[in-house]
Amino acid sequence: MAKAPVLTPQAEDFPRWYQDLINKAELADNGPVRGTMVIRPYGYGLWERMQQEMDARIKKAGAQNAYFPMFIPQSYLTKEAEHVEGFAPELAVVTHGGGKQLEEPVVVRPTSETIINEYFSKWVQSHRDLPLLINQWANVVRWELRPRVFLRTTEFLWQEGHTAHATYEDAREYASMIHTQVYGDFMTNVLGIDVVLGRKTAKERFAGAINTLTLEGMMGDGKALQMGTSHELGQNFAKAFNTTYQLQGAEREHVWQTSWGVSTRMVGGLIMSHGDDNGLRVPPRLAAVQAVVLAIKGDDAVIAKVREIGARLEAAGVRVVVDDRTDTPFGRRAVDWELKGVPVRIEVGPRDLENGTAMLVRRIAGGKEPVSIDALAELLPGVLEEDQELLLRQSRERRVSRTVDVTTLDEAVEAAATGWGRMSWADLGPEGEAKLAEQGVSVRCIVAADGSVPQTDDQEGNIALIARAY
């Protein structure tokens, strides 16, 4: 009888494969309240690395980290009508505290535009206070009706940036810079995911924004995942909260604003973009553990050698773990590390010591070969870079091969069954978008004919990317 696979095969049931992998790779568990999640240490390690890489880029963009309360007076949200309407179905509202009914209900933050604007209105007085560039790392709560770990949860972790500028042009340029140089660079060059950068349609725009820029990734099953967004808020929130700055003389002008964010949804995107039937595949530039050195047997000489190899690799700048838990069978440990997607395994046993070699196992490219122990520290950085590039190339090849040009709504729905459709926005328009939505298919973003991000929805030659989405 054939041995049952560790994971449900992707081709058999992709959602079940996804859940199996989260469980078997020890990434997360469901929380006690429906829609919440417990992120386990290995999964949180991935998020921490994402935080580190993103935080460096955000600070390079000039933003400073701050923190704002998670409880927001309900009256704040009602100040911007479109915003509160957009979030109303997802709000968690606290009506009692300390055993008493609150004088005013408070909302557990779904996003922080309102409370941050309350303070921006105090902090901004003149043009010298601008631009004001703030970021916070926090949790948010949105009451999710169809939860899925990492992808849609009632509580999730994220960063949210909020900025105020003197002019529309400055705000627009900053939102675009975050979109491309912060998010686009990180997702392409660290996550190894070939995201498409575009603008959302008016229907899909963030509540209260005048424009939303998005990054869409194609997952292993051909569906789309919104990986992050950057919003131009115009002066909507500035007018609602009277956030103004003084011009020359006594005249005052409302600021122009942006907000932007990415979340633990990126962990889900990482899993579904790069995972295979053997488990996760973690991009080397992201991986908290780039290499694991495994002792095959509990031989004293073997234990000493794997620790020595670990020290050499660490000195060479490789993020490494030494696995000398020889009281656990080697096969089980090897499968566990494969499930977790560690890019490289270095396996050492008594016979390897005799030959002066170790078995180099590559999780991303596949295959194994004996390598001189003395050559490992010099060899490994190059191997890791090769595998980083391979993941991005595979992601791009999947997107290109599974994206087809369509001219009718029926063709668009058919294309969305296995990938994405490309259709002229002039031919589709809002009416066609609404008809697609009735069939569970959405316009993920609009791109210019040359693949760039268009300045307006109706720019000549705009293309709508159409897909089913998570």
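Numbers for residues simply follow the sequence, beginning at 1. These values consider heavy atoms only, across backbone and side chains, with no hydrogens, waters or symmetry-generated copies.
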(request) Report yes if the side chains of R109 and V141 come closer than 4.5 Å at any heavy-atom pair, otherwise no. (result) no
(message) I'd like to know if the side chain of R205 pairs up with that of N211 as donor and acceptor (distance under 3.5 Å, no hydrogens or angles considered).
(response) no
(request) Identify the heavy atoms of V342 and V289 that sit nearest to each other, and give their distance. (result) CG1-O, 3.6 Å
(message) side chain to side chain contact (heavy atoms under 4.5 Å, CB included), that's the test. Do W425 and I463 meet it? Break it down for me.
(response) CA-CA 5 Å; W425 176 245; I463 303 296; over 6 Å; no
(request) Can you measure from CE (M266) to CG (L225) and round to the nearest 0.5 angstrom? (result) 10.5 Å
(message) Between K297 and P350 (side chain of the first, backbone of the second, donor and acceptor by atom type, cut-off under 3.5 Å), is there such a pair?
(response) no
(message) Looking at E144 and R142, is any side-chain nitrogen of the basic one under 4.0 Å from a carboxylate oxygen of the acidic one?
(response) no
(request) Identify the heavy atoms of A469 and S442 that sit nearest to each other, and give their distance. (result) CB-OG, 4.3 Å
(message) Using a 3.5 Å distance criterion without hydrogens, assess whether the side chain of R199 forms a donor-acceptor pair with backbone atoms of Q455.
(response) yes
(request) Keeping the roles fixed (side chain from R285, backbone from N189), state whether a donor-acceptor pair exists under 3.5 Å. (result) yes
(message) For T214 versus R444, what's the shortest heavy-atom pair and its separation?
(response) CG2-O, 3.9 Å
(message) Could you check whether any side-chain N or O of S452 sits under 3.5 Å from a backbone N or O of A448, counting only pairs where one atom can act as donor and the other as acceptor?
(response) no
(request) Might you work through the side chain to side chain contact (heavy atoms under 4.5 Å, CB included) test for L379 and L360, ending with a clear yes or no? (result) CA-CA 11 Å; L379 177 69; L360 178 65; 4.1 Å; yes
(message) Between N278 and R363, is there a side-chain donor-acceptor contact under 3.5 Å, judged purely by atom types and distance?
(response) no
(message) Could you tell me if the side chain of L409 sits less than 4.5 Å from the side chain of V413, heavy atoms only?
(response) no
(message) Whether the side chain of Y174 engages the backbone of E232 through a donor-acceptor N/O pair (distance < 3.5 Å, no angle test) should be reported.
(response) no
(request) Walk me through it: do I364 and V282 pass the test side chain to side chain contact (heavy atoms under 4.5 Å, CB included)? (result) CA-CA 8 Å; I364 295 167; V282 181; over 6 Å; no
(message) Contact between V33 and T154 at the side-chain level, heavy atoms closer than 4.5 Å - yes or no?
(response) no
(request) Please check if any side-chain donor atom of T357 sits under 3.5 Å from a side-chain acceptor atom of N355, or the reverse. (result) no
(message) Less than 4.5 Å apart, side chain to side chain, heavy atoms only: is that true for V292 and V322?
(response) no
(request) Count the heavy atoms belonging to other residues, nucleotides or ligands that lie under 6.0 Å from CD of E378, then report whether that count exceeds 12. (result) no
(request) Measure across A295 and D324 and return the closest heavy-atom pair with its distance rounded to 0.1 Å. (result) CB-CA, 4.2 Å
(message) Looking at E48, I want to see if its CD is surrounded by more than 12 non-hydrogen atoms of other residues, nucleotides or ligands under 6.0 Å.
(response) yes
(request) Look only at the side chain of Q439 and the backbone of D410, and say whether a donor-acceptor pair between them is shorter than 3.5 Å. (result) no
(request) Just do the side-chain hydrogen bond (donor to acceptor under 3.5 Å, both in side chains) check on Y42 and D336 with the steps written out, would you? (result) CA-CA 12 Å; Y42 190 75; D336 285 346; over 6 Å; no
(request) Return yes when atom CD of Q64 has more than 12 non-hydrogen atoms of other residues, nucleotides or ligands closer than 6.0 Å, and no otherwise. (result) no
(message) Is it the case that over 12 heavy atoms from other parts of the model lie below 6.0 angstrom from the CH2 atom of W143?
(response) no
(message) Given 3.5 Å as the limit, does a donor-acceptor pair link the side chain of D277 with the main chain of Q10, or not?
(response) yes
(message) If we ignore hydrogens and angles and just use 3.5 Å, is the side chain of E308 paired with the main-chain N or O of A304 as donor and acceptor?
(response) no
(message) Testing the 3.5 Å rule here: is there a donor-acceptor pair between the side chains of T36 and R34?
(response) no
(message) Looking at R325, I'd like to know if its CZ atom is crowded, meaning that more than 12 non-hydrogen atoms belonging to other residues, nucleotides or ligands lie closer than 6.0 Å.
(response) yes
(message) Return the CG to CE distance between L191 and M54, rounded to the nearest 0.5 Å.
(response) 9.0 Å
(message) Is the ring pair W158/F156 parallel, tilted or perpendicular, if the boundaries are 30 and 60 degrees?
(response) perpendicular
(request) Go through L213 and T229 one step at a time and tell me if the side chain to side chain contact (heavy atoms under 4.5 Å, CB included) criterion holds. (result) CA-CA 6 Å; L213 304 172; T229 48; over 6 Å; no
(request) Could you tell me whether R172 and E169 have a side-chain N and a carboxylate O separated by less than 4.0 Å? (result) no
(request) Report, as yes or no, whether the 6.0 Å neighbourhood of atom CG on D450 holds more than 12 heavy atoms from other residues, nucleotides or ligands. (result) yes
(message) Between T201 and E433, do the side chains contain a donor N or O and an acceptor N or O under 3.5 Å apart?
(response) yes
(message) Between R16 and Q19, do the side chains contain a donor N or O and an acceptor N or O under 3.5 Å apart?
(response) no
(message) Please tell me whether D323 and W337 have a donor and an acceptor in their side chains that are separated by less than 3.5 angstrom.
(response) yes
(request) Can you see which heavy atom on A224 is nearest to which on A467, and at what distance? (result) CB-CB, 4.0 Å
(request) Give a yes or no answer on whether the side chain of D185 reaches the backbone of V190 with a donor-acceptor pair at less than 3.5 Å. (result) no
(request) Answer with yes or no whether the side chains of E160 and S259 bring together a donor and an acceptor at under 3.5 Å. (result) no
(message) Does this structure show an ion pair linking R319 with E314, if we count only N-O contacts that are shorter than 4.0 Å?
(response) no
(message) Any donor-acceptor pair under 3.5 Å linking the side-chain atoms of Y18 with those of D13?
(response) no
(message) In the structure I gave you, are the side-chain heavy atoms of I115 and M70 within less than 4.5 Å of one another anywhere?
(response) no
(request) Please examine the side chains of N135 and W260, heavy atoms only from C-beta on, and report whether any two atoms are closer than 4.5 Å. (result) yes
(request) Could you tell me whether D374 and R312 make a salt bridge, using a distance below 4.0 angstrom between a side-chain N and a carboxylate O? (result) yes
(message) Less than 3.5 Å apart, any donor N or O on the side chain of T163 or T258 sitting next to an acceptor on the other?
(response) yes
(request) Check whether any side-chain N or O of R402 sits under 3.5 Å from a backbone N or O of W420 as a donor-acceptor pair, and report yes or no. (result) no
(request) Using a strict cut-off of less than 4.0 Å between a Lys/Arg side-chain nitrogen and an Asp/Glu carboxylate oxygen, indicate whether R362 and E369 qualify as a salt bridge. (result) no
(message) Please tell me whether Q394 and R399 have a donor and an acceptor in their side chains that are separated by less than 3.5 angstrom.
(response) no
(request) State whether R57 and E53 are salt-bridged, where the test is any N-O pair (Lys NZ or Arg NE/NH1/NH2 against Asp/Glu carboxylate O) under 4.0 Å. (result) yes
(message) Is a donor from one side chain sitting under 3.5 angstrom from an acceptor on the other, for N65 and D55?
(response) yes
(message) Can you confirm whether N30 sits close enough to V149 that some side-chain heavy atom of one is under 4.5 Å from a side-chain heavy atom of the other?
(response) yes
(message) Does atom OH (Y119) have a neighbourhood of more than 12 heavy atoms from anything else shown, all under 6.0 Å?
(response) no
(message) Would you say K60 and Q181 are linked by a side-chain donor-acceptor pair, where the criterion is simply a distance under 3.5 Å?
(response) no
(request) Quick one: closest heavy-atom pair of P110 and V140, and the distance? (result) O-CB, 3.8 Å
(request) Salt-bridge test for K200 and E216: reply yes if a basic N is under 4.0 Å from a carboxylate O, no otherwise. (result) yes
(message) Within the 4.5 Å heavy-atom criterion, are H165 and P131 side-chain neighbours or not?
(response) yes
